[in-house]
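To start, the structure under review is shown below, and the notes come after it.
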Amino acid sequence: MDRWSKGRVVLLGDAAHCASPASGQGTGLALTGAYVLAAELARSGGDHTAAFARCEAHMRPGVERNQRMAEGFVKEMVVGSRWKTSLRMLMVRLLPKTPWKNLVAKKIRDEIQAAAHAVPLPDEPLPATDRSAPATGRSAPLPDRPTPLPDRPTPLPDQPLRTTAA
């Protein structure tokens, strides 16, 4: 999709990002996109066109990274022959018994976490609202910037992977 907005209409979440279920990032991108859009609208002083353009410029590189990651996962998940299916099943059975099982899990986890952090939150918190002002019928003010996620991925447990007997 070339643009996520036209006039006063903007697409958010799955409508804009088309996150694959294989990425596992649909909800995260939707929430991040809403937060970034709210920050840009607050920053733009009423110029929705500028806010929409800045939001898309901020979001698009991370969204595209998530889409590429999902394409790679789908290629790995869907095998095209009986021989490849048999090989995949053998690998799944043997992996828990190998000394490098945690390295494989770490590689997958690191890819997913990198994609999940591909869209940074805006540096500036949203402007504070005057809570003592009379109610105007509008929705509650947006919270300040949430606590950022850690820069480093959480370590894998030292316990070996467990499988159940088939």
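- For R3, there are no side-chain hydrogen bond (donor to acceptor under 3.5 Å, both in side chains) partners at least two apart in sequence or on another chain.
- Of the inter-residue distances, the one linking T98 atom OG1 with M91 atom CE reads 10.0 Å to the nearest 0.5 angstrom.
- Annotation: the span from K6 atom NZ to T49 atom OG1 amounts to 13.0 Å, rounded to 0.5 Å.
- T27 contributes atom OG1, which lies 7.5 Å from atom CG of D14 (distance to the nearest 0.5 angstrom).
- For the pair G62 and A118, the tightest heavy-atom approach, listed with the atom from each and the gap, is CA-CB, 3.6 Å.
- Of all heavy-atom pairs spanning C55 and V36, the tightest one is SG-CG1, 3.8 Å.
- Contact record, P96 with V92: CD-O, 3.2 Å, taken as the closest heavy-atom pair.
- In this structure, H58 contributes its side chain and P120 its backbone to a donor-acceptor pair below 3.5 Å.
- In this structure, R68 has no salt bridge (charged side-chain N to carboxylate O under 4.0 Å, His left out) partners at least two apart in sequence or on a different chain.
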Open item on the list: As a quick check of understanding, evaluate side-chain contact (heavy atoms from CB on, under 4.5 Å) for V63 and Q25, giving each step before the final call.
Closed with: CA-CA 9 Å; V63 167; Q25 304 297 327; over 6 Å; no
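- When hydrophobic clusters are built by joining Ile, Leu, Val, Met, Phe, Trp and Tyr residues whose side-chain heavy atoms come closer than 4.5 Å, directly or via intermediates, L11 is not grouped with L31.
- Once rounded to the nearest 0.5 Å, the distance linking CG of L29 with CZ of R65 reads 12.0 Å.
- Considering only residues two or more places apart in sequence or on other chains, K84 meets the salt bridge (charged side-chain N to carboxylate O under 4.0 Å, His left out) condition with none of them.
- The hydrophobic cluster containing F52 also includes V10, L12, L37, L41, under a criterion of side-chain heavy atoms closer than 4.5 Å among ILVMFWY residues, counted directly or through chains of members.
- Among pairs with a residue in residues 75-98, none fulfils ring pair (Phe, Tyr, Trp, His ring centres under 6.0 Å), at least two apart in sequence or across chains.
- V119 approaches M59 most closely through the heavy-atom pair CG1-SD, 3.3 Å.
- Across C18 and A15, no two heavy atoms sit closer than the pair SG-O, 4.4 Å.
- Put simply, CZ on R60 and NE2 on H17 are 9.0 Å apart, with the number rounded to the nearest 0.5 Å.
- With sequence neighbours left out, R54 forms a salt bridge (charged side-chain N to carboxylate O under 4.0 Å, His left out) with E40.
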